[in-house]
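Accompanying notes for the structure given below.
Chain A is the first sequence line, chain B the second, and so forth, proteins listed ahead of strands; every chain is numbered from 1.
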Protein chains: 2
Amino acid sequence: MAVTIRDVAKASGVHISTVSRTFSAPHLVNPETRTRVLATAEELGYRPNRAARALITGRTHNIGLIVADIANPFFPPMIKAAETHARRRDYHVFVADTDEDPVVETDLVRALAKQVDGILLCSPRMSDDQIEQLRREVPLVVVNRLIDGLPAVVMDVGTGARSAVRHLVDLGHRHLVYLSGPRGSWTNREIRKAAGAAARAGGAEFTVLGPHVPVSSTGADATEAVLATGATAVLAYNDLMAIGLLQALQDRGIAVPEQISVIGFDDIAAGALVRPTLTTVANPTAAAGRAAVDMLLQQGDDGATGQVTLRTDLVIRNSTGPGPYAPAGATTKQVAAYAKE
Amino acid sequence: MAVTIRDVAKASGVHISTVSRTFSAPHLVNPETRTRVLATAEELGYRPNRAARALITGRTHNIGLIVADIANPFFPPMIKAAETHARRRDYHVFVADTDEDPVVETDLVRALAKQVDGILLCSPRMSDDQIEQLRREVPLVVVNRLIDGLPAVVMDVGTGARSAVRHLVDLGHRHLVYLSGPRGSWTNREIRKAAGAAARAGGAEFTVLGPHVPVSSTGADATEAVLATGATAVLAYNDLMAIGLLQALQDRGIAVPEQISVIGFDDIAAGALVRPTLTTVANPTAAAGRAAVDMLLQQGDDGATGQVTLRTDLVIRNSTGPGPYAPAGATTKQVAAYAKE
DNA sequence: TAATCTGTTGCAAACGTTTGCCGAATGGAG
DNA sequence: CTCCATTCGGCAAACGTTTGCAACAGATTA
């Protein structure tokens, strides 16, 4: 049915090895022969069978991309960037969703292992040990998690958290709440640590609530608890939670940012669509996707295992405003957003 | 390096064919032998090489999923559902993004063809002819497009549009605007036709604006034009545009739904997060993803090429309210939302 | 002129499976 | 005790490529 290398060989009167070389090592074949082969291949509609090629070369030219939840708006831009970037390098991408389940995560890596040259593990939920274990079975690059000796791409959320806290302190807030994210999250831990330190440094009280499943409903559900603390500013693990909180506050007649300021993380598209628009720490997810792909493909070459840290940027919008200790004339100011490719 | 069928055979003292059968035709091997083989396989960490298997069986157990834009919030729930559903049937999914480019679309199908058992083409931008052509090279299921003789899954947006218009007419609106979507879209055409007919049937004026790129900014940009028509209700091609319009209206002090009612399409998550919450026509994207996968996998078996139409449902929230011709006491009423799996 | 090199091609083994065919062993029926 | 059916497992070919090796021709060098 399908046209193979053999058909092309027969049709152009050469041996199959010549056809093979025409595609995989063109410099080894006479230019004249080459064009002839190429012509008949084109004519017959020949396309190399990657599975067969993979079988003998050991390289599939596929990569796996595993995320916790495709529908979480944090991931699609990353998936998109990674896929496009990979394809430009002639790699195809398997995308899989673990539904936040560490067990599925492990199984998935193993199931994909034989079919890919490497796997991108985005925001993994499993333990460091498990990841180290899997690493011995298939090349891995981890996104949003730092493990010694493992190639990784992380967002510098610590710096982002510090900027966010400083912004709030500058606005005159002296009591901050952090709405914590999921328990296993490296990002969550980093934010909490950095924000807490920055708050103390700024002479502000710092209260942590959580952990929470990182969706908008948990943000809304936390409203009571937030109000009970008496804090005037809230930092949320992600935009989804921040938006949930934002709307819940409004629904009970509490003005944002007049009475409470809110900051999220990620800068998902919806943040600019809600009112007030959401101040947030932008994560370069697309850049992370590209960097991770590059890292994975290089890994094959030299085995170098770098760790890349990507810059995050505070994007000031309208959900943050002067607090009770505001210096005279303090006001939110627009800040140039982060760069895109 | 990797452990193969041969290693397992040697370790358990049987021929490789027995090992093979243990996995692909268990009933042909003695239960005793089987457990022994299974045990050593487990011990050695053996995983069948799918590429090799594909080479001989001709079935890769992979499928391709091609969408116009992964980052468009309409798609991720569909991708997620399709992937999960496929995996449950032991299929892995290549996801690719065409960036709305019909040429990329064609190339992608061809590039993936040899590596998959079939391809899901979601909201394709290429011509019917091109699709028919590709169909001869690889099994295809098209989502959101109806082509004679081609297996397809479509959302019944026509009925959704009619419900939406009827809802508006019942509320006392007599002049409706439709914010048109992208030119090549089958869905857009269906909505326009059905909404127009329903409006006429209800004795309402119907104005079409567009086409538009289906993103929030074009919705906002259309504000002037919408106001100029004097209409009191707007139907938008999708939620993104509806939300953009919603916010632009609010920004210029026009109350929604008091002065203008707005309805979107898709029911993306953000619709419930904006204020007022968005009345919209919910598309069962997840169900569509699952149905498309089922269809593709069945296609292999019997070659039947059905066309499935999925129900859409009007979800009434707070962006629609009584119009100038409202009967006394008319008010929006909550409606039970659509079913999920 | 002989020896060596270079460029081009063919040959055949290999990659890790599946599967049709055949033979061996077992057990029941006659 | 023979025959036949059934169950099980081995053998080897096949899937579509890549690639080391060898062969050959023509060109270059000594």
For the side chain of B:P31, counting heavy atoms from C-beta on, which of D:dC8, D:dT19, C:dT8 is nearest?
-> D:dC8
Tell me yes or no: between the side chains of B:T60 and B:D117, is some donor less than 3.5 Å from an acceptor?
-> yes
Atom-pair distance (CG on B:N49; P on D:dC15), nearest Å | 18 Å
Assign A:R34 to base, sugar-phosphate, or nothing according to its heavy-atom contacts below 4.0 angstrom with the strands shown.
-> nothing
Give B:R21 one of three labels, base, sugar-phosphate or nothing, depending on what nucleic acid heavy atoms sit under 4.0 Å from its own.
-> base
Which part of the nucleic acid, if any, lies within reach of B:Y46 when heavy atoms closer than 4.0 Å are counted: base, sugar-phosphate only, or nothing?
-> sugar-phosphate
Would you mind reading off the distance between B:I5 atom CD1 and D:dA12 atom P, rounded to a whole angstrom?
-> 17 Å
In whole angstroms, how far is the P atom of D:dG10 from the CG atom of B:L28?
-> 13 Å
Return the 5'-most residue of the pair B:I56, B:S17 with respect to DNA chain D, ranking by each residue's nearest nucleotide.
-> B:S17
Rounded to whole angstroms, how far apart are CZ on B:F23 and P on C:dT19?
-> 15 Å
Return yes when atom CZ of A:R183 has more than 12 non-hydrogen atoms of other residues, nucleotides or ligands closer than 6.0 Å, and no otherwise.
-> no
Does B:V29 offer a backbone N or O that forms a donor-acceptor pair with the side chain of B:T33 under 3.5 Å?
-> no
Whole-Å gap separating P (C:dG7) and CD (A:E32) | 17 Å
Identify whether any heavy atom of A:T18 sits under 4.0 Å from a base atom; if not, whether one sits that close to sugar-phosphate; answer base, sugar-phosphate or nothing.
-> sugar-phosphate
Which whole-number value in Å describes the distance from A:N30 CG to C:dG7 C1'?
-> 9 Å
Touch class at under 4.0 angstrom, heavy-atom based, for B:T57 against every strand present = sugar-phosphate
Establish, from distance only, whether the side-chain atoms of B:N62 and A:Q115 form a donor-acceptor pair under 3.5 Å.
-> yes
Quickly work out the B:R53 CZ to D:dT17 P distance and round it to whole Å.
-> 21 Å
Which heavy-atom pair separates A:K80 from B:D99 by the least distance, and what is that distance?
-> NZ-OD1, 3.1 Å
B:I16 atom CD1 is separated from D:dG9 atom P, nearest whole Å, by 15 Å
N/O (side chain, B:T4) to phosphate O (OP1/OP2, C:dC15) under 4.0 Å | no
